[in-house]
Amino acid sequence: MTLLNVLVDFARTGRIGPLNCGMSLAEAEDLLGPGRPHPAHHMKGPDIDGYPYSWDGLQLVVTQRTVSGIWISLWPGSTAKLPPLVLPDSESFEATVLRENLIAALDGVDCRHAVNSTLTFGKQSSILTQPAAVCAVFSLPGRDNNVTHRDRHYLDVMHKHTA
C-alpha cells in the first residue's frame with residue numbers, strides 16, 4: 001500500500017481503514033495505541049472538545065470523547081510518518097503529493113470531486129470529494145519546502161469532519 005492509495009481510499013470512503021468519524025476515542029486508541037493529546041487536554045482536562053489527538057501525521061479531533069474529525073497532515077519535500085494501521089509496512093514515507101497526481105488518482109477510481117471555494121484563495125486551492133465529503137487542501141510550496149517544482153500545488157492536508 002502506498003500513501004496515494006491511503007489518500008484515495010480516504011477521499012472515496014471518508015474512512016481510513018477501520019477509523020471513522022463517529023467512533024469513540026477509546027476504540028481509536030485500541031486500534032492505534034494511546035494518542036498524544038493536544039496540550040489543552042492536559043491543561044483543561046480530557047473532556048475538552050475540538051483539540052486533536054496525534055499519531056505522527058494522523059490527527060483525530062475529538063468531541064465528547066467521539067472522533068469528530070480525521071486529518072492527515074503532510075509536509076511537501078520531507079519525509080513523514082503515519083501509524084502502521086494507516087500505512088502498513090512503512091516506517092516513513094515521502095510526504096510530497098502533487099495536486100495533479102491526487103486528482104488523476106481520484107479520477108482513475110471515479111471519485112467525484114469539486115472545487116471547494118471556501119478554501120480556494122490566494123496561493124491555496126482545495127477540493128471536496130463526493131459523496132464522502134473529504135477535503136483536500138493544496139498550496140504552493142513555502143521557502144522551507146524542499147520540492148522540485150516551486151510553481152505547482154502540493155497537498156498539505158486531507159480532512160473529514162462530522163457536522
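- Taking CG of N101 as the reference point, atom CZ of R99 lies at 11.5 Å (rounded to 0.5 Å).
- Using a 4.5 Å cut-off on side-chain heavy atoms (C-beta onward), S125 and H153 make contact.
- Between S73 and V157, the shortest heavy-atom distance links the atoms OG-CG2, 4.0 Å.
- Looking at L106 and I127, their side chains come closer than 4.5 Å, going by heavy atoms from C-beta outward.
- When all heavy atoms are compared, the tightest approach of L60 to A28 is CD1-CB, 3.6 Å.
- Hydrophobic clustering, with ILVMFWY side chains joined whenever heavy atoms are under 4.5 angstrom apart, groups L155 together with V8.
- T129 places a side-chain N or O within 3.5 Å of a backbone atom of A11 that can act as its donor or acceptor partner.
- For the side chain to side chain contact (heavy atoms under 4.5 Å, CB included) test, residues two or more places apart in sequence or in another chain that qualify with D56 are K81.
- In this structure, L128 is not a member of the same hydrophobic cluster as V61, with clusters built from ILVMFWY side-chain heavy atoms closer than 4.5 Å.
- Minimum interatomic distance between C135 and L119 (heavy atoms only, all atoms of both residues): SG-CD1, 3.6 Å.
- V67 and W71 fall into different hydrophobic clusters, defined by Ile, Leu, Val, Met, Phe, Trp and Tyr side-chain heavy atoms under 4.5 Å apart, directly or through other members.
- Minimum heavy-atom separation, W55 to P34: NE1-O, 3.4 Å.
- For the ring pair (Phe, Tyr, Trp, His ring centres under 6.0 Å) condition, no pair includes a residue of residues 4-25, sequence neighbours left out.
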(request) List the steps and the verdict of side-chain contact (heavy atoms from CB on, under 4.5 Å) for L85 and L58. (result) CA-CA 11 Å; L85 177 77; L58 173 72; over 6 Å; no

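- A donor-acceptor contact shorter than 3.5 Å is absent between the side chain of S92 and the backbone of T79.
- Between the side chain of D156 and the main chain of F138, no donor-acceptor pair closer than 3.5 Å is present.
- Closest heavy-atom contact between P52 and Q59: CB-CB, 3.9 Å.
- In this structure E100 satisfies the salt bridge (Lys or Arg N to Asp or Glu O under 4.0 Å) test together with R152, sequence neighbours excluded.
- With respect to M158, the side-chain contact (heavy atoms from CB on, under 4.5 Å) criterion is satisfied by exactly one of L74, V137, L102, V6: L102.
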Solution key, residues 16-25 side-chain donor-acceptor pairs under 3.5 Å, sequence neighbours excluded:
from: N20; atom 1: ND2; to: P18; atom 2: O; distance (Å): 3.2
from: S24; atom 1: OG; to: E27; atom 2: N; distance (Å): 3.0
from: S24; atom 1: OG; to: E27; atom 2: OE1; distance (Å): 3.2

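- Closest approach of P76 and V147 over heavy atoms only: C-CG1, 3.8 Å.
- Sorted by first and then second residue, the side chain to side chain donor-acceptor pair (under 3.5 Å) pairs involving residues 1-12 (not counting sequence neighbours) are T2-N5.
- When the salt bridge (Lys or Arg N to Asp or Glu O under 4.0 Å) test is applied to R112, no partner is found at least two apart in sequence or on another chain.
- Residues L140 and V97 fall into different hydrophobic clusters, defined by Ile, Leu, Val, Met, Phe, Trp and Tyr side chains chained together at heavy-atom separations under 4.5 Å.
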(request) Apply side chain to side chain donor-acceptor pair (under 3.5 Å) to the pair T66 and Q64, showing each step before the final yes or no. (result) CA-CA 5 Å; T66 300; Q64 297 179 354; over 6 Å; no

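- With hydrophobic clusters built from ILVMFWY side chains whose heavy atoms lie under 4.5 angstrom apart, I70 shares a cluster with L31.
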(message) Would Y154 and L98 count as a side-chain contact (heavy atoms from CB on, under 4.5 Å) here? Give the steps.
(response) CA-CA 5 Å; Y154 293 87; L98 282 165; 3.3 Å; yes

(request) Go through V62 and Y53 one step at a time and tell me if the side-chain contact (heavy atoms from CB on, under 4.5 Å) criterion holds. (result) CA-CA 7 Å; V62 177; Y53 281 74; 3.5 Å; yes

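- Between the CG atom of D30 and the CG atom of L32 there is a distance of 9.5 Å, given to the nearest 0.5 Å.
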